[in-house]
Amino acid sequence: MPSPKKVRVAVIGCGVISELHLRCFAHNPHAEVVAVCDLVPERAERAARERAPGARWTTRAAEIFADPSIDAVSICTDHASHCRLACAALAAGKHVLCEKSLARTAADLRRMLAAAKAHPDRVAAGVFQHRFEPLPRVLRELVAEGAFGRLLTAAGSLYTLRDDDYFRKDAWRGTIRGEGGSVLINQSIHYFDLLLWIAGGAASARAYSANLGHEGSIETEDTVAIALRMRNGALGSFVATSAGMRQWETDLVFQGTAGSVEMRDDRLFSLVLADKAAERRVRARVDRALAAGAKLFPKGKDYYGPGHQAQIDDFVRAVRTGARPYVTFADAAESDAMVFAAYASAARR
Ligand SMILES: NC(=O)c1ccc[n+]([C@@H]2O[C@H](COP(=O)([O-])OP(=O)(O)OC[C@H]3O[C@@H](n4cnc5c(N)ncnc54)[C@H](O)[C@@H]3O)[C@@H](O)[C@H]2O)c1
């Protein structure tokens with residue numbers, strides 16, 4: 001039985017992404033944001049005033065953790081603070097939703113997984129909102145069912161531009177200490193995650209990384225190229241840059257022995273099967289999934305995609321019912337672990 005009382009939530013970190021979290025929690029009838037927190041008092045005060053009327057604000061996350069009336073926290077801070085905040089929140093008995101990248105380093109990731117394991121009665125969920133969209137979901141099912149035959153290759157890319165002003169805006173961006181990396185761990189992590197998730201998970205990653213367009217401006221990589229071996233034996237590749245001329249361009253292509261499918265800019269771009277009757281059936285299934293999804297996600301979208309509402313609803317449901325969230329820390333950690341494997345490989349060269 002779901003608990004009849006509303007889930008009392010605190011949002012920690014009141015920067016760019018918090019606005020979307022606050023909007024999604026406000027939209028959920030079973031949750032209420034009762035507190036917001038940011039190290040910068042003006043940000044916390046403004047978030048409470050504009051996005052969570054009635055919520056109190058603070059600059060100290062410890063106050064949130066010490067408040068027994070708060071059930072759950074949503075962590076919307078820089079990468080480096082995720083581990084400390086999530087572990088403290090779980091230790092204080094809070095349910096946790098943590099933005100991507102779950103961790104800044106492999107060691108932090110291990111600590112967060114251990115904290116989640118130590119508190120199995122608490123929900124520990126990692127944000128990968130694109131996993132809630134209908135197209136990636138149905139493609140993952142189709143690949144797992146062998147609709148494209150044996151998977152041979154999985155290739156992904158993200159091309160975008162982040163200018164120097166973007167990195168200057170906040171001190172943590174473009175730094176190893178604050179961000180842990182750049183284009184891979186931040187801008188392109190969603191598409192790297194979808195590539196691995198749809199292909200059935202990766203076993204290993206080798207990589208090159210470089211700073212080709214932001215020399216003197218950031219210490220982290222703006223360009224990455226990764227070779228992957230998937231658990232099912234397929235081989236993969238991923239390239240991304242934040243120094244290009246494109247605003248935002250993404251591509252995921254899966255080739256199997258019986259057919260292929262390509263998702264470009266979040267849309268189905270091509271679907272080809274050798275067996276044309278099978279192709280019609282698969283296409284009809286994708287169309288049905290997309291039509292059902294269009295009802296679920298009626299709003300327009302920017303490049304964050306429409307999945308945050310679905311993920312926040314899923315988190316609230318998991319807190320109320322004790323059910324497993326769709327993306328646990330352990331689920332999100334699979335892609336994070338490959339990010340850190342790629343960075344370690346790039347550093348060795
Ligand atoms: N899922 C998505 O599509 C998506 C999109 C954008 C950002 N993000 C992620 O969201 C997180 C935040 O990104 P952003 O762009 O909103 O950053 P931001 O810099 O705009 O905001 C982060 C805020 O956290 C505050 N903060 C840092 N440490 C804190 C602490 N210990 N206690 C309280 N407040 C603290 C900072 O003062 C800042 O206001 C990052 O992990 C980022 O990768 C996810």
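For ligands, and for the atoms within them, numbers begin at 1 and follow the listed sequence. Along the sequence shown, residues are numbered consecutively beginning with 1.
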Of all pairs that satisfy salt bridge (charged side-chain N to carboxylate O under 4.0 Å, His left out), the ones with a partner from residues 108-132, not counting sequence neighbours
D108-R111, R131-D193
Closest to atom 4 (C) of ligand 1 among V16, I17, I64 (heavy-atom distance)
I17
Backbone or side-chain N or O of T77 under 3.5 Å from ligand 1 N or O
yes
With heavy atoms only and a cut-off of under 4.0 Å, state how I12 meets ligand 1: side chain, backbone, both or neither.
side chain
Which option out of K169, H308, R173, H130 puts a heavy atom nearest to atom 17 (O) of ligand 1?
R173
Whether W248 and Y191 hold their rings parallel, tilted or perpendicular, with breakpoints at 30° and 60°
perpendicular
Does R49, at its CZ atom, have more than 12 non-hydrogen atoms belonging to other residues, nucleotides or ligands within less than 6.0 Å?
yes
Heavy atom under 4.0 Å from ligand 1: found in C76's side chain, backbone, both, or neither?
backbone
Indicate yes or no: does an N/O atom of R43 lie under 3.5 Å from an N/O atom of ligand 1?
yes
Applying a heavy-atom cut-off of 4.0 Å, say which part of D170 lies close to ligand 1: side chain, backbone, both or neither.
side chain
Under 3.5 Å donor-acceptor, S345 side chain and A207 backbone
yes
Just go through D78, V40, L39, D38 and tell me whose heavy atom is the nearest to atom 36 (C) of ligand 1.
D38
Which of these passes salt bridge (charged side-chain N to carboxylate O under 4.0 Å, His left out) with D251: R246, R267, R264?
R264
Does any N or O atom in S18 lie less than 3.5 angstrom from one in ligand 1, N or O only?
no
